[in-house]
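See structure below.
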Amino acid sequence: MWCKNLLKVYQWFSRNALRDYCIMNCSSQEVEKIKINKSRIVKKSPRTLITGGLGQLGTECAKLLRKNYGNENVILSDIIKPTEENLSNGPFIFADILDFKGLQQIVVNYRIDWLIHFSALLSAVGEQNVPLAVRVNIEGMHNVIELAKQYKLRIFIPSTIGAFGPDSPRNPTPNVTIQRPRTIYGVSKVHAELLGEYYHHRFGLDFRCLRFPGVISSDPPGGGTTDYAVAVFHEGLLTKKYECYLEPYTRLPMMYIEDCLSALFQFLNTPSEQLRRRVYNVTAMSFTPEELFTELKKYVPDLKISYKPDARQHIAENWPQVFDDSDARRDWGWQHKYNLEKLVESMVRDVRKNFSNKRSLKEVNSYV
């Protein structure tokens with residue numbers, strides 16, 4: 001029966017042509033078999049919940065996933081009030097990561113397949129409120145990992161260069177090495193890495209984690225140690241001066257937001273059997289404040305820079321200078337696109353376009 005081979009040429013026919021062809025040449029039973037096989041061919045878009053979705057990565061991640069999977073398949077969530085723009089781009093709901101039962105209701109009601117967990121207090125803010133950081137970064141993470149296990153979700157939790165400490169090799173920092181961080185932010189991220197790997201090996205959880213460097217985007221800074229590399233564009237382009245809280249020689253790994261999102265999307269869609277590990281370093285470049293400011297002065301020649309190191313200097317001195325992400329490049333083909341020159345060009349363009357009339361962001365540069 002040559003109708004059995006019809007699926008092999010299915011992709012070459014339009015829907016109507018295939019329907020007419022089947023009516024003329026196949027029995028009703030064979031047509032039903034073709035319909036079933038067709039449904040198997042069409043891959044279902046994952047329904048994704050993003051926690052902490054109104055932070056630096058959440059909104060941009062939602063835009064990328066909605067572009068690829070449809071607006072209604074990406075649920076943005078947070079505990080803070082969204083803007084009109086947030087509400088207009090797709091579904092938004094209130095979600096408290098410390099409320100396990102509430103999270104269960106969301107997963108069931110929205111039929112969630114993937115969970116992307118961005119909720120966390122960043123490094124500098126976490127050091128100022130350790131008990132809150134423990135609750136949000138550790139207890140909240142426990143909730144989402146247990147939830148993912150219970151409902152068999154694919155879960156992504158980002159990690160950071162802050163997961164390393166003064167005993168780690170700094171140049172380069174390999175994927176597997178001693179970590180032992182000295183901040184509650186770093187401790188919570190190592191905890192997430194190890195717990196996620198344990199749940200993967202013990203329960204088969206599809207846990208995935210990328211250790212990101214400092215992520216640079218045009219959004220205002222949010223309290224991280226690497227945020228000088230964002231604040232200088234806002235403050236420098238507006239006032240032509242900037243006071244940096246790190247020493248000029250402080251080298252740290254960095255990545256532009258477009259590369260960060262590209263790595264996340266590629267990693268989420270890599271077949272599980274292709275992953276040799278569950279936690280990967282990813283990076284694009286390493287630079288110092290002085291190197292960044294020198295490049296920025298090509299666009300703002302009269303930019304005045306001063307330095308006043310604060311407690312974040314000590315944090316940065318315990319972090320990697322250069323990230324070794326060769327495992328990610330080998331296992332799932334990670335490649336970055338933005339170097340320092342292209343990053344600065346893009347940031348100048350985006351900040352001038354989106355924030356040229358905004359007030360000074362000097363208060364964001366203070367150590368809160």
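Computation of the quantities below employed the complete heavy-atom set of this structure, encompassing side-chain atoms and omitting hydrogens, waters and symmetry-equivalent molecules. Nothing here was measured: the structure is a model prediction, and the numbers come from that model.
When hydrophobic clusters are built by joining Ile, Leu, Val, Met, Phe, Trp and Tyr residues whose side-chain heavy atoms come closer than 4.5 Å, directly or via intermediates, L194 is not grouped with F203. Note: the hydrophobic cluster containing V190 does not contain V279 (ILVMFWY, side chain heavy atoms under 4.5 Å, direct or indirect links). Hydrophobic cluster membership differs between I315 and V130, with clusters built from Ile, Leu, Val, Met, Phe, Trp and Tyr side chains linked at under 4.5 angstrom. Tracing side-chain contacts under 4.5 Å through hydrophobic residues (I, L, V, M, F, W, Y), one reaches I157 starting from Y151; they form part of the same cluster. Residues I116 and I79 share a hydrophobic cluster, clusters being chains of Ile/Leu/Val/Met/Phe/Trp/Tyr side chains in contact below 4.5 Å.
The shortest side-chain heavy-atom distance between Y245 and P309 does not fall under the 4.5 Å cut-off.
Residues passing the side chain to side chain contact (heavy atoms under 4.5 Å, CB included) test with R277, sequence neighbours excluded: N175, V176, Y280, D327. Listed by chain and number, the residues in a side-chain hydrogen bond (donor to acceptor under 3.5 Å, both in side chains) with Y338 amount to none (sequence neighbours excluded). Residues that satisfy the ring-ring contact (aromatic ring centres under 6.0 Å, His included) test with H201, not counting sequence neighbours, are absent from this structure. In this structure H142 satisfies the ring-ring contact (aromatic ring centres under 6.0 Å, His included) test together with H191, sequence neighbours excluded. In this structure, E345 has no side-chain hydrogen bond (donor to acceptor under 3.5 Å, both in side chains) partners at least two apart in sequence or on a different chain. Take Q56 and apply the side-chain hydrogen bond (donor to acceptor under 3.5 Å, both in side chains) test, not counting sequence neighbours, and it matches S217. Residues satisfying the side chain to side chain contact (heavy atoms under 4.5 Å, CB included) test with A120, not counting sequence neighbours, are N137, K189. Remark: D324 pairs with no residue by the salt bridge (charged side-chain N to carboxylate O under 4.0 Å, His left out) rule, at least two apart or across chains. Looking at residues two or more places apart in sequence or on another chain, you find a side-chain hydrogen bond (donor to acceptor under 3.5 Å, both in side chains) between R251 and E291.
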Give the intermediate values and the outcome of side-chain hydrogen bond (donor to acceptor under 3.5 Å, both in side chains) for residues R182 and N318. CA-CA 8 Å; R182 296 283 180 87; N318 291 323; 5.7 Å; no
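Looking at E193 and R211, a side-chain N of the basic residue comes within less than 4.0 Å of a carboxylate O on the acidic one, giving a salt bridge. A salt bridge links D206 and R208; the closest N-O separation between the charged side-chain nitrogens and carboxylate oxygens is under 4.0 Å.
Using cut-offs of 30° and 60° for the angle between ring planes, the F212 and F156 rings count as tilted.
Identified under the side-chain hydrogen bond (donor to acceptor under 3.5 Å, both in side chains) test for residues 258-273, with sequence neighbours left out: Y69-N269, S272-R278. Residue pairs meeting the side-chain hydrogen bond (donor to acceptor under 3.5 Å, both in side chains) criterion with at least one member in residues 87-102, sequence neighbours excluded, do not occur.
A donor-acceptor pair under 3.5 Å links the side-chain atoms of D227 to the main chain of G224, judged by distance alone. Of the possible polar contacts, one joining the D325 side chain to the T283 backbone as a donor-acceptor pair under 3.5 Å is found. A side-chain donor-acceptor contact under 3.5 Å links S123 to the backbone of T225. Proximity of a side-chain donor or acceptor of R180 to a complementary backbone N or O of S168 within less than 3.5 Å is not detected. Judged by distance alone, with hydrogens and angles left aside, the side-chain atoms of R170 form a donor-acceptor pair with the main-chain N or O of W319 at under 3.5 Å.
At a cut-off of 3.5 Å, with distance as the only test, no side-chain donor of E127 or Y185 sits close to an acceptor on the other residue.
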Would you mind writing out the side-chain donor-acceptor pairs for residues 301-308 within the sub-3.5 Å range, not counting sequence neighbours?
none

